[in-house]
Amino acid sequence: MYSVDIDKKWQEKWAEMKLGEFDPSRIDKKLYILEMFSYPSASKLHVGHWFNYAPPDSWARMQKMRGYEVFQPIGFDAFGLPAENYAIKTGIHPQDSTKANIETMTEQLYKLGGMFDWRANLATCDPDYYRWNQWLFLQLFKNGLAYRKSAPVNWCPDCQTVLANEQVLEDGTCERCSTEVTKKNLTQWFFKITAYADELLDKLSTLDWPEQTKKIQQNWIGRSEGTEVSFEVERDGERVLNDDGTPLTLDVFTTRIDTLFGVTYLVIAPESPLLERLTTEAQKAEVDRYVDKTLKASEIARLATTREKTGVFTGCHVIHPITGEKLELWTADYVIASYGTGVVMAVPAHDTRDFAFAEIFGLPIRRVIDSVDETETELPFVEYGKLVDSGAYTGLTSEAAIAQITADLAKDSKGKAYITYRLRDWLVSRQRYWGTPIPIVYCDQCGTVPLPESMLPLTLPYDVAFSPDGVSPLTKSDAFMQTTCPTCGGPARRDPDTLDTFVCSSWYQFRFVDNHNEEAPFDKEKVNALCPVDMYVGGQEHAAMHLLYSRFITKALRDLGYLDFDEPFQALVHQGMILGSDGQKMSKSAGNTVTPDDLVDQYGGDVFRLHLLFSFAYTEGGNWNDDGVLAITRFISRIEALVDKVIELPVEKRPHDKALAYRVNYTIRGATQDALKFQFNTAIARLMELLNHLQKMITDQSVISEETYEATRTLLLLLAPFAPHFAEEMNEKMGYSPSIFNEPWPTLDVAALVLDEIEIAVQVNGQIKTRLMIPADIEEADLIERIKGHESFDNWIAGKTPVKWIYVKGRLLNIVVK
RNA sequence: GCGGACAUGGCGGAAUUGGCAGACGCGCUGGAUUUAGGUUCCAGUGGGAGACCGUGCAGGUUCAAGUCCUGUUGUCCGCACCA
């Protein structure tokens, strides 16, 4: 009887025989499979973890049997907000709680029976790991890919603390104290991911990733080609000048420069640093009030097209670059500072948002585009068309005008062709404790000074007060903050912030390969040999951020000479989400959680694993159901019964059983093809079919054929990746020595799949009339004759005339009648 | 709001990618064994007496549509400080 004891037995044996350890001498057969590592949370391994790890492990085991040298490491994404929040609540230090959680989860992962190479584990909160985050930061800094600038953070005035977006409720209040959250500008570190925007876009086509994920990245990067055009500004009747005396210009990005003559006002983002200078005394109070209000709104809400438009006149005017006309400059929250230049030229006649705004505030609306076919159209008319009332450009098509106006503006130095991206640089500063300290000091003499690599790791101090009171926790640790400048030796201060945890996960796939290296993050040769990851498995929620950051860091490391390939993850699969039986996300509060430990103890890990593999479409996920567990225990015990009978009965040689050979090979083909595509449910369905067949064959038999015995053995080999402990046990029962995972995967005999007779459908106008057994190699003409001679033929065509015969070989014949 | 997906029997889910809808399993019904129930085994199981009708809804393309196109409804995921 299979149980959790069998799991234990084989887990110990596998550890002894080092089943999961990668053998570098077989590097030419290497296959690097990686599941996204998880956050060590106190609530133990949940069903989602199992669904993330067990099915890919089955895939890996199959690949091992197919001859690959599999590398499957495991680690923990151990820095992050939850441990720190937990510390604030309970006083338990993040390091202590995290360590304990990692221990528990490691034990649970071991019980999962994954074929992991345990030597290659890592935890990102370990100084041996995060020192290389710091190293990475320094490389980016030295090469101009890390820089500081001011950026807003969510600020709770009551808690006196920075909040994560997650901690701000939908109505814009703090989750802890319900105070209205506002924004505060801080100088923070950024990684220049935008420098790689084009390559990140272009190389998507080389990846074996789900199309929808590529689309998400493509939209996230949001490359947009257009024109940048400059407007000079007038305040109180005078030109506004730069410090050097040249006229200050507002640069506007637009994809529709053909509508330039329809511009009736400009809008600047409320958080734009220029706004203050461009507000007149008379308007100051009103503008300030408006800016204040905007700081409390979320970006998502601001960009909603249905949101009622609000805005304020700044009192200043801008000068139209071609007509010289004076236009009002407004500020409104539908313009976002971080996209484009933070200023838009408003063309109410040809843009829906500008139109709505102009109607509310009574601003002029000027049509400059008509439809090409000169039919009457309503405003706002947002399509391309033909220019009207546009000076010298009147009569041109939109396409022609875009090219012409852009060229003319460039000639006058009033604009240029320009490409902008929705993608923004990656903000990596976090005003928190539980993360990687930033390896930079600020010296009054030398300014911003990077730590020399020899001084890494810059370790996180243990004794720190995390209670929120207005500053980053590290600020309060004098021992940490007060330091000397590595350049001049004078007094200096450290950076009080820590790095975003996405920095950890942007390169961990390389550290696994060489995780004990103390001289470097990894050895170049080793990484080049084992990477990129051949199969990466994890949730689709990471499509835009983690997966893009990893790609960016890989390219940066390549350009800095640390590795020789372009992409970190060649192939990617997303598992679906397992919800509670009520269709809601599993959570303690909903009371719908399923604990893997209980199921494993009761039924054994393989039953749980098979249930996950069989009852869900892997990439879809779905609602948890208990019923399937019983079905699997039945499946398992039926196989055991089959094995028992097969080893008990005498075996004799019999004439070749063509039908059995067909079924066996049909199973090999189906199970292999489906499992390779992560379609485990159908792969297992094929195994069930073979089991049903074998079971029928041996019923009431006192002797079995050699072929039946071999088919049973084949069934076990095919089952092995999906029920590793159980299959290993059955394999031993049949007298074979372990491990079954060192046996070769069954090979397909294509010839056995060729049938003499096949069944096809006969249709009339696409409607099925009958099914026919025909010789597999029948000629189309013979088939047609045969059908014409069928006793029901006249009945089928019901007096009409066949005009066309469509034969889809081996599948159907459709008679088109009229 | 923007972006990405999904919708098939009572249920989980299949469908060679435009070619016989419902594989496999759960559940259910009947039968056999046992008989206290469960287990196990066998048969049946989308609807409809039937011609036929059936893949969220409404159109369309095609000899042929779950699959492609247009529109529509509902659910889920992401939106840059959760990871």
Side-chain angles (χ1 to χ4, degrees), chain A residues 36-39 41 77 79-82 85 153-154 162-168 188 210-213 215-216 218-220 222 298-307 338 422-432 500-502 504-505 539-546 548-549 574 576-577 579 583 585 611 614-617 619-632 634-635 637-638 641 670 673-674 679 681-689 692 695 699 759-768 770-771 803-806 808-817:
Chain A
M36 289 180 186
F37 63 176
S38 33
Y39 184 81
S41 88
D77 193 9
F79 272 140
L81 189 61
N85 284 341
V153 293
N154 297 314
V162 175
L163 297 179
N165 287 343
E166 175 185 66
Q167 299 173 295
V168 182
Q188 309 190 70
E211 283 308 314
Q212 67 262 35
T213 304
K215 220 176 245 170
I216 289 170
Q218 191 183 325
N219 291 330
W220 187 265
S298 80
E299 205 166 289
I300 293 172
R302 282 174 59 181
L303 287 171
T305 45
T306 48
R307 180 181 161 92
S338 52
R422 209 185 70 98
L423 180 70
R424 320 204 284 243
D425 277 337
W426 175 13
L427 195 168
V428 295
S429 293
R430 296 290 181 272
Q431 293 71 40
R432 294 190 212 298
D500 180 9
T501 56
F502 277 128
C504 304
S505 56
Q540 194 181 10
E541 65 272 17
H542 291 293
M545 302 176 70
H546 159 60
L548 201 62
Y549 295 148
H574 298 303
M577 203 185 308
L579 305 168
K585 259 189 176 175
H611 177 47
F614 180 66
S615 300
F616 300 89
T619 55
E620 301 291 324
N623 298 7
W624 174 261
N625 67 305
D626 291 307
D627 300 343
V629 177
L630 236 80
I632 296 298
R634 205 173 292 173
F635 175 56
S637 59
R638 283 173 67 210
Q673 284 179 352
D674 290 353
Q679 287 196 20
N681 51 352
T682 49
I684 290 165
R686 298 291 88 78
L687 301 187
M688 288 174 168
E689 286 166 355
N692 290 343
Q695 202 173 32
T699 306
E759 189 191 65
I760 63 157
V762 179
Q763 302 179 332
V764 173
N765 285 351
Q767 208 166 50
I768 294 202
T770 192
R771 297 185 169 85
V803 293
K804 207 169 168 186
W805 299 72
I806 295 163
V808 182
K809 199 166 186 311
R811 305 211 46 92
L812 58 78
L813 186 131
N814 188 16
I815 311 165
V816 185
V817 300

Take the protein atom [atom1] of [X] and the nucleotide atom [atom2] of [N], then report the distance between them rounded to whole Å.
X: A:F635; N: B:rG12; atom1: CZ; atom2: P; value: 22 Å
X: A:K215; N: B:rC2; atom1: NZ; atom2: C1'; value: 15 Å
X: A:M688; N: B:rG12; atom1: CE; atom2: C1'; value: 12 Å
X: A:F616; N: B:rA14; atom1: CZ; atom2: P; value: 12 Å
X: A:Q218; N: B:rG4; atom1: CD; atom2: P; value: 9 Å
X: A:D626; N: B:rC11; atom1: CG; atom2: C1'; value: 13 Å
X: A:N681; N: B:rA14; atom1: CG; atom2: C1'; value: 8 Å
X: A:E211; N: B:rC6; atom1: CD; atom2: C1'; value: 17 Å

Distance between [atom1] atoms of [N] and [M] (Å, rounded):
N: B:rU8; M: B:rG54; atom1: C1'; answer: 10 Å
N: B:rC68; M: B:rA7; atom1: P; answer: 11 Å
N: B:rA43; M: B:rC24; atom1: P; answer: 12 Å
N: B:rU17; M: B:rG13; atom1: P; answer: 23 Å
N: B:rC76; M: B:rC53; atom1: P; answer: 35 Å
N: B:rA58; M: B:rC52; atom1: C1'; answer: 23 Å
N: B:rU67; M: B:rG50; atom1: C1'; answer: 31 Å
N: B:rA51; M: B:rA21; atom1: P; answer: 15 Å

Quick one: pull up [atom1] in [X] and [atom2] in [Y] and give me the separation to the nearest 0.5 Å.
X: A:I760; Y: A:T770; atom1: CD1; atom2: OG1; value: 10.0 Å
X: A:L163; Y: A:Q431; atom1: CG; atom2: CD; value: 11.0 Å
X: A:M545; Y: A:D500; atom1: CE; atom2: CG; value: 7.0 Å
X: A:H611; Y: A:N625; atom1: NE2; atom2: CG; value: 4.5 Å
X: A:H574; Y: A:T213; atom1: NE2; atom2: OG1; value: 2.5 Å
X: A:D425; Y: A:Q188; atom1: CG; atom2: CD; value: 13.0 Å

Describe the nucleic acid contact of [X] in one word from base, sugar-phosphate, nothing, applying a heavy-atom distance below 4.0 Å.
X: A:G810; answer: nothing
X: A:A543; answer: nothing
X: A:N692; answer: sugar-phosphate

Next on the checklist: Show, in sequence, the C-alpha distance, side-chain angles and deciding distance for A:N219 and A:R422, and conclude whether the side-chain hydrogen bond (donor to acceptor under 3.5 Å, both in side chains) test is met.
Outcome noted: CA-CA 8 Å; A:N219 291 330; A:R422 209 185 70 98; over 6 Å; no

Next on the checklist: Please compare A:L579 and A:S615 by the position of their nearest nucleotide in RNA chain B and report the one closer to 5'.
Outcome noted: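 The residue closer to the strand's 5' end, by nearest nucleotide, is A:S615.
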
Checklist entry - Would you say the side chains of A:D674 and A:T682 form a donor-acceptor pair under 3.5 Å? => result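 A pair is found: one side chain offers a donor N or O, the other an acceptor, under 3.5 Å apart.
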
Next on the checklist: The criterion is side chain to side chain contact (heavy atoms under 4.5 Å, CB included); which residues satisfy it with A:A617, sequence neighbours excluded?
Outcome noted: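 A:A617 satisfies side chain to side chain contact (heavy atoms under 4.5 Å, CB included) with A:E620, A:N681 only.
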
Does [N] adopt a syn or an anti glycosidic conformation, taking syn as a chi angle within 90° of 0?
N: B:rG9; answer: syn
N: B:rU39; answer: anti
N: B:rA49; answer: syn

Checklist entry - What string of B, S and - do you get for nucleotides 30-43 of chain B, 5' to 3', if B is base contact, S is sugar-phosphate-only contact and - is no contact with any protein heavy atom under 4.0 Å? => result ----------SS--

Item to check | Reading 5' to 3' through nucleotides 77-83 of chain B, protein heavy-atom contacts under 4.0 Å coded B for base, S for sugar-phosphate only, - for none | outcome: SSBBBBB

Item to check | N/O (side chain, A:N219) to phosphate O (OP1/OP2, B:rG4) under 4.0 Å | outcome: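 Result: yes.
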
Next on the checklist: For the backbone of A:G766 and the side chain of A:N814, can you confirm whether one donor and one acceptor N or O come within less than 3.5 Å of each other?
Outcome noted: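 Flag set: sc A:N814 to bb A:G766 pair under 3.5 Å.
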
Item to check | Nearest-nucleotide pick for A:Q767, side chain only, options being B:rG25, B:rA5, B:rC52 | outcome: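 When the side chain of A:Q767 is considered, B:rC52 is the closest of B:rG25, B:rA5, B:rC52.
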
Item to check | Selected nucleotide, minimal atom distance to A:F614 side chain, candidates B:rC53, B:rC24, B:rA5 | outcome: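 Nearest to the side chain of A:F614 among the choices is B:rC24.
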
Checklist entry - Is A:E299 paired with A:R302 through a side-chain N to carboxylate O contact shorter than 4.0 Å? => result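 Looking at A:R302 and A:E299, the cut-off is not met.
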
Checklist entry - A:F614: what forms a ring pair (Phe, Tyr, Trp, His ring centres under 6.0 Å) with it, not counting sequence neighbours? => result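 Testing A:F614 for ring pair (Phe, Tyr, Trp, His ring centres under 6.0 Å), a comparison that skips the adjacent residues, returns none.
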
Next on the checklist: Suppose we screen for ring pair (Phe, Tyr, Trp, His ring centres under 6.0 Å). Which residues come up paired with A:Y39, at least two apart in sequence or across chains?
Outcome noted: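 Listed in chain order: nothing, the list is empty.
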
Next on the checklist: I'd like to know if A:N814 reaches the base of B:rC63 with its side chain such that a donor and an acceptor end up less than 3.5 angstrom apart.
Outcome noted: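 Pair found.
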
Checklist entry - When the ring planes of A:W426 and A:Y549 are compared, do they come out parallel, tilted or perpendicular, using 30° and 60° as the limits? => result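 The arrangement is parallel - the two ring planes meet at less than 30°.
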
Item to check | Pairing annotation in dot-bracket form, given for RNA chain B with Watson-Crick or G-U pairs under 3.5 Å and | for cross-strand partners | outcome: (((((((..(((......[....)))((((((.......))))))((....))..(((((..]....))))))))))))....

